[in-house]
Colleague: 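Quick one: the structure is below, questions incoming.
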Amino acid sequence: MNMPGSDLLTMTGIVKEFPGVRALDGVDLDVRAGEVHCLLGQNGAGKSTLIRVLTGAHQPDAGTIRLNDEPVQLNSPTAAIERGIAAIYQELDLVPELTVAENIFLGNEPSRFGFSRAHEATTKAREILAGLGHAEIPTHRTVGSLPAAGQQVVSMARALSRDARLIVMDEPSAVLDPEEVSNLFRVIRGLTERGVAVVYISHRLEEIRQIGNRVTVLKDGATVATGLDARDTPTRELIRLMTGRSIEYVFPPRNEIPTTAPVILEVINLSRPGEFAGIEFSVRAGEIVGLAGLVGSGRSEVLETVYGARRPATGFVKVDGVALRPGRVQAAVKAGIGLAPEERKSQALLLDEAVYKNITVSTLGRFASAGFLNNHAEREAAAKLTRTLDVRPVGVDQPVRNLSGGNQQKVVLARWLLRDCRVLLLDEPTRGVDVGARSEIYTLIRTLAANGVAIVLVSSEVEEVLGLSDRVVVLREGRSVHTGPAQAIDEHQVLDLVMEGSAV
Amino acid sequence: MSEDITTPETTPSTQATVTPPATRNSARLMRSGVGRNLGLVVALVVLCIVGVITAGDTFATGANVLTILRLAAVIGVVSVGMTFVITGGGIDLSVGAMVALASVWATTLATQQLAADFHWIFMVTTALVVGAACGLVNGLLVAYGKIVPFIATLAMLAAARGLAEIISDRKTQIITVNSFVDFFGGSLLGVPVLVWIFLLVAAAGWVVLNRTTFGRRTFAVGGNAEAARLAGIKVQRHTVALYVLAGLCCGIAAVMLMARTTTGSSTHGQLYELDAIAAVVIGGTLLSGGRGTIVGTVIGVLIFTTLNNVFTLNNLSISAQSVAKGAIIVVAVLLQQRLARSSNT
Amino acid sequence: MSEDITTPETTPSTQATVTPPATRNSARLMRSGVGRNLGLVVALVVLCIVGVITAGDTFATGANVLTILRLAAVIGVVSVGMTFVITGGGIDLSVGAMVALASVWATTLATQQLAADFHWIFMVTTALVVGAACGLVNGLLVAYGKIVPFIATLAMLAAARGLAEIISDRKTQIITVNSFVDFFGGSLLGVPVLVWIFLLVAAAGWVVLNRTTFGRRTFAVGGNAEAARLAGIKVQRHTVALYVLAGLCCGIAAVMLMARTTTGSSTHGQLYELDAIAAVVIGGTLLSGGRGTIVGTVIGVLIFTTLNNVFTLNNLSISAQSVAKGAIIVVAVLLQQRLARSSNT
Amino acid sequence: GNTPKAEENAGNAPANQAAVKNDEPGKKVKIGFSAPAADHGWMGAITKATQAEAKKYSDVELVVAEGTNDVNLQISQVETFINQKVDAIVLLPFDGAALTPVATKAMEAGITVINVDREFDSPFAARTTVLGDNHGMGVSAGTYICDQLKGKKDAVVAEIAGIDSLPLTQDRSKGFKEALADCGLKVNNRVAAEFTVESGEKAAANLLQAAPKIDAIWNHDDDQGVGVMAAIKNSGRKEFFVVGGAGSANVMRDIKSGSSLLKATVIYPSTQGADGIRLARLLVQKKALGDLVEVEVPRTVQLYAPVVTKDNVDQYLPTAFES
Ligand SMILES: Nc1ncnc2c1ncn2[C@@H]1O[C@H](COP(=O)(O)OP(=O)(O)OP(=O)(O)O)[C@@H](O)[C@H]1O
Ligand SMILES: Nc1ncnc2c1ncn2[C@@H]1O[C@H](COP(=O)(O)OP(=O)(O)OP(=O)(O)O)[C@@H](O)[C@H]1O
Ligand SMILES: [Mg+2]
Ligand SMILES: [Mg+2]
């Protein structure tokens, strides 16, 4: 192991070009052993690309990488792994059909003469998961059946399973709740104490403050600042470095909801065994109701059930007082409900399709006459939204696959903003979105509400739920433990509620 | 399928962020039309050049071009239907059997009698209805019975061919309705009616796939069925429609084959499933769904047909043809990939 | 493929997080072994019951069971190889052609002379090497040439069959090496050697797929090739290995077919690709890769062969057999799904 | 009565008058029949004629296996027949050599095997073999074309073969080539189809492009010939004549009409399977062939491949198969 403080990794002048896009244009990064080095930048700044260069998944067009002052060629993931570089990628790169244990040791299976030692793998996997505070995750379950957060934990476990001296974490906290995040930080501290270096990427600046030592800021594929102190650099300064402008990082003011506003959405006694039970809430026109809770508390399931994508065991959903046929997406869509789902890759995006096609796919009727599409109108409408949401690069014709994670999320959101829904169900709408675009999105959501849309919001960031909603419903293990105005409760109370269900 | 193994660098990527509108439009054209199919076009052109060199006097004649087109027409129509099914994330192994069944049903004594007494349109309608009905069964089995498309359509393949044999008593049913043969065997403006039909079907297919909501939804269903469902698309109903479309195309192909051979027979359309899928896939449609191109399919069909024609003109032995075919397919695809990659940089 | 359309309810969900270990283990067994294949087993049993009822005196005899097993053996070995390729996210259309080529090459005069002079092992080796070599070419084309598996193996199908015809001059090559025929045509402990080979190949396939790192990595490559690459798996090399394995299985199948027919011929193995893929898919392996089961494949093969046997015994009209086959496949799959669903709740 | 029912002519041999005594019912005979896939007209006709023949005898029970081109499956079908303890097996093998071992096994099990059309490579594999004359077909077609083209030294002769990988196709082509060589001609263009209408049309369309001028075409199979004639009609070409093969009723009617380019066809009887049934029955019941003095059924019966022209078509039309 290296002594803490010595330079472990130096990347200089890294250039990476994709056809038509210069994603990295001379990036420098140096990481010391035993530190948490934070990488900041707007969506599309090139963070993930830099990480992929570092882990051998991409080949740089120029630049040098030195490990322990030795120049290295990382021309395949294997090469990077062999040199002790492990990564948690932004897009969960797991094999859904394999079990948790198998995923953790993928490519590094405990084996003898080529025969895998399942028992050993299970035992070791349990150890690692327990170390991550997730002993409850069953090692024999297929990863595809785990929720996003569980998958994220498996991803972390995999990175830890290799005896790495540098671990790269690309937005590991995007799907985690505060409880999980502090868990993660505990693990990271344990790593750095052993001299392992961690490169940490997140759009949540408060996390940087808590865990980071130094910060490097990327903008448009170039390093604009490096070696900043993670604790002392003012937020304003960081945001200015990232975006080139100063942004008020606050929630827009709430609208007054007239008491006469009609109730649009009613959820009555909704249950699905094993997921949630007896969920009841209603949303009035112009109101934003936030669902708070820990990961796994069943918030996504509730939204999907309201949307008809899952069939409830009991209860029903009413729109304008009329009960919808349960378990039918069509019925919900007809009644004007829209759902921006949680997992963009598997539930929302058509990765190989152009940005504008992704945005208009659930509003096609509006751009068609007699079934024939007006491509021009489609592009116009999509372009307007991508400008508002600051999607980069700006063209609406490139396939969504080529966008950065945060920009993909904006595309998902744009789809539902385009649609004139009466009820909008937003599941983690700002997952992986940078600070600049985040405030745009908040404003948009507010504006929608002001126009009379009933909105249900799920977010793992309690601050976001409280700041944006008019009322909050707190879920714990599939049951609602509190309902009330957002202003009457603070972050700590919510956290106490979700963990114990007793406070207030 | 494992074409996904390609490293991210090789995925066809797109124009620069800051291209001015004019260039962007032409770039878009390049990408969507000629560009994406450039390799295929080159492969076809190379094939034609080989044809001209080795059998110039006969290959480059108008009559030969029409022969190639006529041969391409039947399997071409089937392939257009197949393009829809595959783009929508399915596969249809029963196309050949559906062609056979439709041709047999449309040439039974009863149907022919009706056609002779009134109009040949009865035969055409019968073929189309039979094709669409088989497609409907396929679609229902896949979308609502949740049987994997491969197995559902394999079952249809067995059943439809068996039914065709039962109906025809395994006899070749000769068409005696001359008006039918005259119409479909004839020409319009010097181009055979069959070729016209092919052109029409391909053009209609292109428009539907690229310019309508139906087409757009097909891409969505094939690209990510779950996302499509959550986006509010009626995925099951759409899937059924895709198989009906394929069945309909088989009905049309049956009419064309009836005109070409003046018969209906349970042996018609043998191995069309392989030919059609091959043409579709070589044309650039993804077997895993979500990406499909009618232009590519048409060129794919033309490549295979021209290949056969060149072989025959050169009097090659069938075995040598086989080996050469394998090699040429590989070379053509490699060529196409090279070109696709370089046209993107 | 569009089996993904299924609503979340129908995806095989799993037991609760907090099940006590004992229940969990038995639940796991249910799920992985019998459970997942329960529907298939039931379908097979139903088929057998039908056989016993309709033709009890002959169906239930030991000789008839051996007949079914012997028939299943050849296509069974091919299907085991196919299971690997499909699980790994590919497909192999060339299996039948590889069987033909291997059988022809292993029965040329020269090889037979060698075998007669020394040992029949030379014929076996030739067949295996030819199969593996073809598989190697397939694998290289797919993994490094980045040609979609469907097209690459379609090209191999054409080329290998053509080559087999050229080598054999389209004549059936009769095996004169008696020791070869005696060995492979014989029995061991009352069970034909061919059946032993099938059992061995299936058992080995099961162990490799489920108990070795190679097997685990096959699932990873088929399930998410990019994730596998990032995890440090050499995806390309692995893909090549899968196709070589399939080729090797074809070589073994060629030896078995040679023993059964005492011939090598370019017409051997016709449409094995369809039969094998059908058995694999009906067995529960996902065509899109990432999920595969050898047990399912073996039962799938047995279902199809038993079906044939029952039909032959019952003297159904040939066309009716086709129709019935299609219907039975559909019913079997629906049955399986119902059972799989109910065993999960 | 057990005499063949009044023949509405379902494509069967004419009543063999001398065999009447043989037709009297005897011991029950269970016969298994297996043939390649009926993926073309002639093969369909074979199966149909066989089934029709068996129906005529009240003492014959016929078990028919699904047609297949997979020798492995066909072998198992024969094995199943053995398990069923049938009295006789009429076997039209997809590949004669490949089915030899299992046929031998059946013979060893005491079952009478009748080999039809494609020959086994061992004399012990069948009691009796009924063969068409493929080589003879080629010779007949070639000789006829030589006669018609006599004197034309630079005549262009084209050949449209059937499934090229089958030995029978090779035999036909060989005979054709030999006969042409005798009169100084050769095959200028050769394409192969697959015995189906559709493939015939396709092959012929390409052939007509490849050869701008043709004097004579021999097409191996009348079923694919329907497609061949359709292609010729489409091309509008008339400078040649066509000789067919197999002898379907359609073709014979065309020949009779005289207005077709089809001038002749060489018969390849589709009654071989039906003959097989009769012979199997006789053998099992230990009867002799009616018109022979010999008390045993002969080992080999090779059917004759005559050329049918306008002059003699009436003689053959009644037994021709409706493809
Ligand atoms: N395969 C690719 N082809 C083309 N362009 C790409 C590709 N991958 C990334 N890009 C582009 O490179 C740029 C950098 O993307 P990257 O994913 O590194 O951003 P990021 O900083 O990680 O953003 P986010 O915070 O949203 O995750 C973006 O403009 C993106 O569109
Ligand atoms: N980390 C985990 N490990 C294992 N199972 C989990 C985990 N998290 C959630 N689950 C299971 O998933 C179910 C609901 O998870 P889900 O992700 O839908 O909840 P959520 O409140 O929407 O959380 P998120 O904010 O992550 O979407 C729970 O019933 C639980 O059994
Ligand atoms: Mg990123
Ligand atoms: Mg959720």
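Residue numbering restarts at 1 for every chain, and letters A, B, ... go by the order of the sequence lines.
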Colleague: If I compare all heavy atoms of C/S322 with all of B/A158, which pair ends up nearest, and what's the gap?
Modeller: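 Nearest heavy atoms, C/S322 then B/A158: CB-O, 3.3 Å.
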Colleague: Would you say the side chain of B/F150 lies within less than 4.5 Å of the side chain of C/V280, judging by non-hydrogen atoms?
Modeller: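 No, every pair of side-chain atoms sits at 4.5 Å or beyond.
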Colleague: Between C/I166 and chain B, which part of the residue has a heavy atom less than 4.5 Å away: side chain, backbone, both or neither?
Modeller: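 Answer is both: backbone and side chain atoms of C/I166 are under 4.5 Å from chain B.
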Colleague: Between C/V333 and chain B, which part of the residue has a heavy atom less than 4.5 Å away: side chain, backbone, both or neither?
Modeller: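 Only the side chain of C/V333 comes within 4.5 Å of chain B.
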Colleague: Atom CG in B/L287, atom CD1 in C/I91: separation rounded to 0.5 Å?
Modeller: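 Reported to 0.5 Å precision, the distance equals 7.5 Å.
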Colleague: C/A278 versus chain B, heavy atoms under 4.5 Å apart: side chain, backbone, both or neither?
Modeller: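 For C/A278, heavy atoms of backbone and side chain both lie under 4.5 Å from chain B.
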Colleague: Minimum heavy-atom separation for C/A155 and B/V330, please, with both atom names.
Modeller: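 Of all heavy-atom pairs spanning C/A155 and B/V330, the closest is CB-CG2, 3.7 Å.
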Colleague: Rounded to the nearest 0.5 Å, what separation is found between the CD atom of C/E165 and the CD atom of B/Q321?
Modeller: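 Nearest 0.5 Å value for the CD-CD distance: 10.5 Å.
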Colleague: I need the residue from C/L141, C/I277, C/I86, C/L274 with the largest number of non-hydrogen atom pairs under 4.5 Å to chain B.
Modeller: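 Winner by heavy-atom pair count: C/I277.
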Colleague: CG of B/D275 to CG of C/L154: how many Å apart, nearest 0.5 Å?
Modeller: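 So the CG of B/D275 and the CG of C/L154 are separated by 8.5 Å.
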Colleague: Under a 4.5 Å heavy-atom cut-off, does chain B meet the side chain of C/L93, its backbone, both or neither?
Modeller: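 Only the side chain of C/L93 comes within 4.5 Å of chain B.
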Colleague: Can you measure from OG (B/S319) to CZ (C/R170) and round to the nearest 0.5 angstrom?
Modeller: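 So the gap between those two atoms works out to 4.0 Å.
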Colleague: First locate atom CD1 of B/I147, then atom CG of C/L334, and finally report the distance between them rounded to the nearest 0.5 Å.
Modeller: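 Reported to 0.5 Å precision, the distance equals 4.0 Å.
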Colleague: For C/L271, which atoms come within 4.5 Å of any heavy atom of chain B: side chain, backbone, both, or neither?
Modeller: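 For C/L271, the side chain is the part near chain B, not the backbone.
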Colleague: Determine the minimum heavy-atom distance between B/V281 and C/I151, stating which atoms define it.
Modeller: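 So the minimum-distance heavy-atom pair works out to CG1-CG1, 3.4 Å.
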